[in-house]
Peer 1: 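One structure is given below, represented as structure tokens, and several questions about it will come after.
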Amino acid sequence: MNMAQTHLHKVELLPKDYKTDTKPFWCPGCGDHGVLTAVYRALADLGVDPNYLVNISGIGCSSRLPYFVRSYKMHTLHGRAGAVATGTQLARPDLAILVNGGDGDGFSIGGGHMPHLARKNINMTYVLMDNRIYGLTKGQVSPTSQRKMKAYTTPYGGVEEPMDPVLYMLTYGASYVAQSLATDVKMTARLIKEGMEHKGFAFINVMSHCPSFNQIDDAKYFKGAAEELPEGHDVSDIDAAMHAVNVAHQEGRIPVGLLFRQERPTLDEYMAELVKQAGGSPDYDLRKIIDLARP
Amino acid sequence: MDKNDLIIRVAGEGGEGIISTGDFITQACARAGLEVYTFKTFPAEIKGGYAMYQTRASAAPLYCQGDTFDVLCAFNGEAYDLNRSRLIPGTAFVYDGPGGDFEPDVPPGVYAYPIPMTQTAKEMGSIRSKNMVALGALSQLFNIPEDALREIIVAKFTKKGTTVVEGNLNAFTRGRELAAALPKTDPWQIKAPESKRDVVVLSGNDAVGLGALIAGLEFFAAYPITPATEIARYVARHLPKRGGTLIQAEDEIAAVSQVVGASFAGKKAMTATSGPGLALMGEMLGMSFMSETPCVVVDVQRGGPSTGLPTKHEQSDLFLAIHGSHGDCGRIVLSVEGVGDCVGLTVEAFNLAEKYQCPVLLLSDGSLAFSTQTLPYPDPASYRVVSRKRWDGKGEYRRYAITDDYISPMADPGTPGGMHIATGLEHDQDGEPNYTAANHEAMQAKRFRKLDGVVKDFAPVETDGEGEADLGIIAWGSTIGVVREAIARLRAEGVSVKGFYPKLLWPMPAEQYEAFGATCRKLMLPEVNFTGQLAHFIRSETSLRPESYTICGGLPFTPAMIVGKAKEMLP
């Protein structure tokens, strides 16, 4: 693992030092509180300088998380957090980029961006807080809701098959894919920390129960369905990762832990190389470019 | 007879070298010190279809593509059929014959020159040199600088080896010989000026890219779309030299999102698109306005609505540009007249975005996108370049502090003490969400009052003519150039006429419109759209009631059309 990340500016802070004055607005008992605690812990463990941390989110309950984290931050549009973060990361590869969002934000309205964040290997950590429901709009089925779920707009039960976020991200070419439960703060913090240390696009799906609108996938359900990856799971083996997820998905289980990790160049590295080859510099004389347009 | 303003149209099947023939003529004329203004049409499909490239060359300044051609060079029967109605007495007609795919019925008064282009090319061993035979003939007949053409042919084909270079030069020479054997009956000759000026030849799209580089562009994101993609091509080629970053986004929503993300990170960022892409960007432009994050978007307008006429010219995105976001959303909208503006106003778009921390839209159009024009060598040092106001690090930082000019200093990530949130939610001066009536009213007022300075900041609208006039013509975009030429002709006939050429379209310099209108007995507003979009804004923002003159056939106005309309309005 590449421990020497230039974008992590080492400081010594405690988890509470990453808290802002704004109190989390989530319902009591919401899994998002656990994710937030894990984020604080991961940041403190890594010693991320808040001045060089940019926390970006879309829209939804979970997308409020940046308000509670001391950092530079953007609260963007529904589904666009990853795309906005791409611009920030490429413009300033020296920054640490943390993206938060929900299942609807990431895989419904923002689903078109996910493949490209993954395959382009944009150097950021995307923590998806998956509650399998639209919470902020008071309970409609999401792309990860179980079929037959009765909700706001599915009074007779939902009719669509859910998708599996980690299976998609493995397929899309994410270079770090992990899954955990919001109730397991320790594991979640470790996976976020490792994700931020990872050079490239790190995706962590955190099952974050919604006590207000999702009565099916509650904390107890997630705990019962969760299953640690077998001893000796090879995190460099994409087939093993996909197999594990596929089998678990079919059997209604949720594999937790680090599924897959791969070292490969990030988009900003490729671009830096390209600029280097072009002899690129802000001092490059524009006249040399303009001269090419002489008749 | 010398003609100091000659229009040559080359037309035929796409893929026959029509575009490169036109390019060679254009480059040679510009090398010889002539002004050029080109106009092209090509099919939306990749292979085949009718293609046309028209070069206007003159020793005097040129503002538009003109009315019609003086010389038509037809490579095939389709080109002849499509242009036959414009073969009016006095025009010259060079065509592929004998041995071509058609036998023209040359209209009376037209000077015809049959050149066996296809046959000669075949005899010389390469049908691909057909366009070089045509180029040679045109060069001989109309005095297109021969030496410059030879230099350009050599430069163009050197990479392909000496055989290809020789083959093309021989075909060119043969074309000259064939034309020299015909009696020259028409009076048209291009005459190059004595003195040469330091110029460049750029298309509108390339010029936008250059303008962005001069402005200090650091990040560019775009999704391919006709007719804007050449901007990305130009930037992709040159931005890495300046150390900048370019990304091809997965869609236009991502492109503008990446621009906002990069701008938040402290970089000068832009995207370029056409109408369909701009329609997708509306929500993020609202985020740019709400979060006060600078953002530059170039819209190269094409025929709409929907997929519309992707390769055709129209000026129909003004409604979308000015109001295309939900909620009350401010922005600055500029539009370019010609290639020179594509450089200068792109720089200005960045300056305004940086200063006012809001979305700035720059409207170009389908005919300008591909039109190449000469312009004086653009010295980068001659452009004013503005960067955003940054926090000085003193005291406590408030990202959205209400200041005297309503502009709040920004802090790039990494600035100690400058941590803040850029949010699309309504927020207070610290960026904290706040939905109270008093706060929303205060912050909306802040974001809009900030823009009060724009009109004063921007150069006053150019007025063509002084005093009172019987007719005033208001024009925007590339229609301005057409109106300039029409006004010159009308004045030569003794018509009392003035022009008004706004380039800052929003916020609207209403007082300047009023002042212009007060000096004109009647007002005309020609624009290439169905609904009269600028006329609509003038009616809503001023007391003026200009007579709308709209066309939407996929082509720009001609000066003759404007002259005709003026005479109709002033019986």
Side-chain angles (χ1 to χ4, degrees), chain A residues 9 22 49-56 59 64 66-67 70-92 94-95 112-113 115-116 120 267-268 271-272 274-295, chain B residues 26-31 198-202 206 210 213-214 218-219 221 238 240-247 249-251 253-254 257-267 269 283-284 287 291 374 377-380 411-425 432-433:
Chain A
H9 294 255
T22 310
D49 183 344
N51 284 308
Y52 287 85
L53 173 66
V54 183
N55 191 182
I56 300 176
I59 296 296
R64 292 298 179 94
Y67 286 99
R70 262 188 76 215
S71 64
Y72 279 86
K73 47 207 163 187
M74 296 188 88
H75 182 208
T76 71
L77 307 180
H78 201 17
R80 311 305 161 209
V84 171
T86 298
T88 308
Q89 199 282 327
L90 293 175
R92 288 279 305 275
D94 62 315
L95 301 170
H113 304 304
H116 308 285
K120 294 183 184 184
L267 189 62
D268 65 280
M271 283 185 173
L274 195 139
V275 167
K276 202 173 139 194
Q277 279 168 14
S281 148
D283 301 326
Y284 187 93
D285 189 358
L286 271 173
R287 285 181 181 78
K288 284 201 242 171
I289 295 170
I290 301 170
D291 287 346
L292 299 172
R294 286 187 200 272
Chain B
T26 303
Q27 293 290 332
C29 290
R31 252 185 217 205
D198 193 13
V199 296
V200 293
V201 179
L202 284 168
D206 285 358
L210 175 58
L213 293 177
I214 293 173
E218 294 167 294
F219 182 90
H238 300 302
K241 298 176 190 170
R242 299 273 288 172
T245 299
L246 174 135
I247 183 170
E250 56 270 26
D251 54 44
I253 297 174
S257 298
Q258 288 159 356
V259 165
V260 168
S263 183
F264 174 79
K267 301 294 184 183
E283 191 187 9
M284 189 52 77
M287 165 93 194
S291 67
T374 34
Y377 188 89
D379 178 4
D412 296 348
T415 309
M419 276 184 281
H420 65 272
I421 188 157
T423 173
L425 282 176
E432 287 298 317

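Residue numbering restarts at 1 for every chain, and letters A, B, ... go by the order of the sequence lines. These values consider heavy atoms only, across backbone and side chains, with no hydrogens, waters or symmetry-generated copies.
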Peer 1: So does A:S281 get a backbone contact from the side chain of B:R242, meaning a donor-acceptor N/O pair under 3.5 Å?
Peer 2: no
Peer 1: Heavy atoms only, distances under 4.5 angstrom: which of B:Q258, B:H420, B:K241 has the most pairs with chain A? Name it, please.
Peer 2: B:K241
Peer 1: What option among B:G266, B:C29, B:G261 has the most heavy-atom pairs under 4.5 Å with chain A?
Peer 2: B:G261
Peer 1: Quick check on A:K120 against chain B: is it the side chain, the backbone, both or neither that has a heavy atom closer than 4.5 Å?
Peer 2: side chain
Peer 1: Looking at chain A, which one of B:G243, B:A262, B:A221, B:P413 has the largest number of heavy-atom pairs inside 4.5 Å, strictly under?
Peer 2: B:P413
Peer 1: What option among A:K288, A:H78, A:K276, A:M271 has the most heavy-atom pairs under 4.5 Å with chain B?
Peer 2: A:M271
Peer 1: Report the option among B:V199, B:L425, B:I421 that has the most heavy-atom pairs separated by less than 4.5 Å from atoms of chain A.
Peer 2: B:I421
Peer 1: How long is the span from the OG1 atom in B:T423 to the CZ atom in A:R64, to the nearest 0.5 Å?
Peer 2: 8.0 Å
Peer 1: Under the criterion side chain to side chain contact (heavy atoms under 4.5 Å, CB included), I'd like the reasoning laid out for A:Y284 against B:H238: C-alpha separation, chi angles, the key distance, then a yes or no.
Peer 2: CA-CA 10 Å; A:Y284 187 93; B:H238 300 302; over 6 Å; no
Peer 1: Examine distances only and state if a side-chain atom of A:Y72 and a backbone atom of B:F264 form a donor-acceptor pair shorter than 3.5 Å.
Peer 2: no
Peer 1: Answer with side chain, backbone, both or neither: which region of B:V259 has an atom nearer than 4.5 Å to a non-hydrogen atom of chain A?
Peer 2: neither
Peer 1: Does any heavy atom of chain B fall under 4.5 Å from the side chain of A:H113, the backbone, both, or neither of them?
Peer 2: both
Peer 1: Among B:G414, B:A254, B:A265, which has the most heavy-atom pairs under 4.5 Å with chain A?
Peer 2: B:G414
Peer 1: Restricting to non-hydrogen atoms, name the atom on B:E250 and the atom on A:G112 that form the minimum distance, rounded to 0.1 Å.
Peer 2: CG-O, 3.8 Å
Peer 1: Quick one: what part of B:A269 sits under 4.5 Å from any heavy atom of chain A, side chain, backbone, both or neither?
Peer 2: neither
Peer 1: Is there a side chain to side chain contact (heavy atoms under 4.5 Å, CB included) between A:V84 and B:M287? Walk through the geometry before answering.
Peer 2: CA-CA 11 Å; A:V84 171; B:M287 165 93 194; over 6 Å; no
Peer 1: Just how far is it from atom CD1 of A:I290 to atom CD1 of B:I214, taken to the nearest 0.5 Å?
Peer 2: 4.5 Å
Peer 1: At a heavy-atom separation under 4.5 Å, does B:E218 approach chain A through its side chain, its backbone, both, or neither?
Peer 2: neither
Peer 1: Where does B:I247 contact chain A at under 4.5 Å (heavy atoms): side chain, backbone, both or neither?
Peer 2: both
Peer 1: Can you tell which of A:D285, A:L292, A:N55, A:V275 has the highest number of heavy-atom pairs within less than 4.5 Å of chain B?
Peer 2: A:V275
Peer 1: Measure A:L267 against the heavy atoms of chain B and call it side chain, backbone, both or neither at under 4.5 Å.
Peer 2: side chain
Peer 1: Any chance you could measure B:M419, atom CE, to A:K73, atom NZ, to the nearest 0.5 Å?
Peer 2: 8.0 Å
Peer 1: So which residue, A:P50, A:A85, A:G279, ends up with the most heavy-atom pairs under 4.5 Å with chain B?
Peer 2: A:P50
Peer 1: Please walk me through it: do B:V260 and A:M74 pass side chain to side chain contact (heavy atoms under 4.5 Å, CB included)?
Peer 2: CA-CA 10 Å; B:V260 168; A:M74 296 188 88; 3.8 Å; yes
Peer 1: Report which part of B:D379 has an atom under 4.5 Å of a heavy atom belonging to chain A: side chain, backbone, both, or neither.
Peer 2: side chain
Peer 1: Working to the nearest 0.5 angstrom, can you tell me the gap between A:L90 CG and B:F219 CZ?
Peer 2: 5.5 Å
Peer 1: Given a strict heavy-atom distance threshold of 4.5 Å, which part of B:S291 is in contact with chain A: side chain, backbone, both, or neither?
Peer 2: neither
Peer 1: What part of A:D268 gets within 4.5 angstrom of chain B, counting heavy atoms only: side chain, backbone, both, or neither?
Peer 2: neither
Peer 1: If you count heavy-atom pairs under 4.5 Å with chain A, which of B:I253, B:L210, B:D251, B:L246 comes out on top?
Peer 2: B:I253
Peer 1: Check B:P416 against A:N51 and note the closest heavy-atom contact, atom names and distance.
Peer 2: CA-OD1, 3.5 Å
